[in-house]
Amino acid sequence: MSGERGAGEADAAGGTAPAASTARPLRRDAELNRRRILRAGREVFAVRGLHATLNDVAHHAGLGVGTVYRKYPDKQALAEAVYAEELDEIAAMARQARDADDAFGALAGFLEKALARAAHNRGLRELMRQGTVEGAGLTKARQAITAHCEHLLARARTEGALRAGVTEADLAPIAAMIDAVMALPTGQPSQLWRRYLVIILDGLRTHPGQAELPGP
């Protein structure tokens, strides 16, 4: 009888060992698929914008659509996962700019760096401009970026470097204007938008004898 119990225990052990050994590869496969989906999402959204579908992402990743939907139930969830880290990094750039002595120069430098990240990323530009994809992480980062820019504008105004009449409400239309330049069919979009950003920034800076800005 003891021999029978020993055989039973051996069978039980033998039955559970393969399950334990296969659990790790399955988890590794799931993690690899998650990374493939995120990478494909970044690449697809960057080129096609946020109108791209989860089917587009699945095809680009070389995975079945069901695999993508199991990880991310809708495009909102995937877009938030793709862009939460991106916006956090932009918010950190804006926070770092606050510590500079020259507020206007810091604001100009931040705008140039942030727009450079968006120049070849249609999805990021749509996210920043339209806010059609939301989520706690994205909202928090976007609010932080806005708050840091408002702080820089207030400091630049106090330092006398900001043109009278320029307000925080002007930042979104400025970003939209640069976005429109980025969308132009040209062979050198990265250079063209920088040209117009310099022109816009010069218009924001205080100069002797400037005409008063018209009201909004």
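Excluded from the calculations below are hydrogen atoms, water molecules and symmetry mates; all remaining heavy atoms, backbone and side chain alike, are included.
No donor-acceptor distance shorter than 3.5 angstrom exists from the side chain of Glu126 to the backbone of Gly49, with no hydrogens or angles considered. Here the side chain of Gln210 pairs a donor or acceptor atom with the backbone of His207 at under 3.5 angstrom. Of the possible donor and acceptor atoms, none in the side chain of Arg36 sits under 3.5 Å from a partner among the backbone N and O of Leu63. At least one donor-acceptor pair under 3.5 Å links the side chain of Arg155 to the backbone N or O of Asp101. Side chain of Lys71 to main chain of Asn33: no donor-acceptor pair is present (N/O by atom type, distance under 3.5 Å, no hydrogens or angles).
For the pair Met182/Leu115, a side-chain contact is recorded, criterion being any heavy-atom separation below 4.5 Å from C-beta on. A heavy-atom distance below 4.5 Å is found between the side chains of Leu78 and Phe45. Side-chain contact between Leu124 and Ile90 is present, with heavy atoms from C-beta onward closer than 4.5 Å. The closest side-chain heavy-atom distance from Leu107 to Leu201 is not below 4.5 Å. Within the 4.5 Å cutoff, side-chain heavy atoms of Arg48 are placed close to those of Asp56. For the pair Leu38 and Arg42, the minimum side-chain heavy-atom distance is below 4.5 Å. Taking the side chain as every heavy atom from C-beta outward, Asn55 and Tyr69 approach each other to under 4.5 Å. Looking only at side-chain heavy atoms (C-beta outward), Glu150 and Leu171 stay at 4.5 Å or farther from each other.
Few gaps surround NE2 on His151; more than 12 heavy atoms of other groups in view lie less than 6.0 Å from it. Within a 6.0 Å radius of CD in Gln96, other residues, nucleotides and ligands contribute 12 heavy atoms or fewer. The number of heavy-atom neighbours closer than 6.0 Å to CD of Glu159, taken from other residues, nucleotides and ligands shown, is above 12.
Of all non-hydrogen atoms in Glu168 and Leu153, the two that sit nearest each other are CA-CD1, 3.7 Å. Between Val47 and Arg122 the shortest heavy-atom distance is O-CD, 3.7 Å. Between Asp170 and Pro173 the shortest heavy-atom distance is O-CD, 3.3 Å. Taking every heavy atom of both residues into account, Thr206 and Gly160 meet most closely at OG1-O, 3.2 Å. The nearest pair of heavy atoms linking Tyr72 to Ala81 is CE2-CB, 3.8 Å.
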For side-chain hydrogen bond (donor to acceptor under 3.5 Å, both in side chains), just list the numbers for Tyr83 and Asn121, CA-CA rounded to whole Å, side-chain angles, deciding distance to a tenth of an Å, and then say yes or no. CA-CA 11 Å; Tyr83 286 114; Asn121 193 325; 2.9 Å; yes
Please report the C-alpha distance between Val166 and Arg163 in whole Å, then the side-chain angles of each, then the deciding distance to 0.1 Å, and finally whether the side chain to side chain contact (heavy atoms under 4.5 Å, CB included) criterion is met. CA-CA 6 Å; Val166 176; Arg163 182 174 183 170; 3.9 Å; yes
Please step through side chain to side chain contact (heavy atoms under 4.5 Å, CB included) for the pair Lys113 and Arg117, ending with a clear verdict. CA-CA 7 Å; Lys113 291 177 183 177; Arg117 295 184 72 137; over 6 Å; no
Checking Leu204 against Phe104 for the side chain to side chain contact (heavy atoms under 4.5 Å, CB included) test, could you report, in this order, the C-alpha distance in whole Å, the side-chain angles of both residues, the deciding distance, and whether it holds? CA-CA 9 Å; Leu204 297 180; Phe104 188 92; 4.0 Å; yes
I would like to know whether Ile145 and Phe110 meet side chain to side chain contact (heavy atoms under 4.5 Å, CB included); could you show each step before the answer? CA-CA 10 Å; Ile145 294 168; Phe110 164 71; 4.0 Å; yes
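At a cut-off of 3.5 Å, with distance as the only test, a side-chain donor of Arg70 or Thr67 sits close to an acceptor on the other residue. For the residue pair Arg98 and His148, a side-chain donor N or O sits within less than 3.5 Å of a side-chain acceptor on the partner.
In terms of hydrophobic clustering, with Ile, Leu, Val, Met, Phe, Trp and Tyr side chains grouped at heavy-atom distances under 4.5 Å, Val44 and Val65 are assigned to a common cluster.
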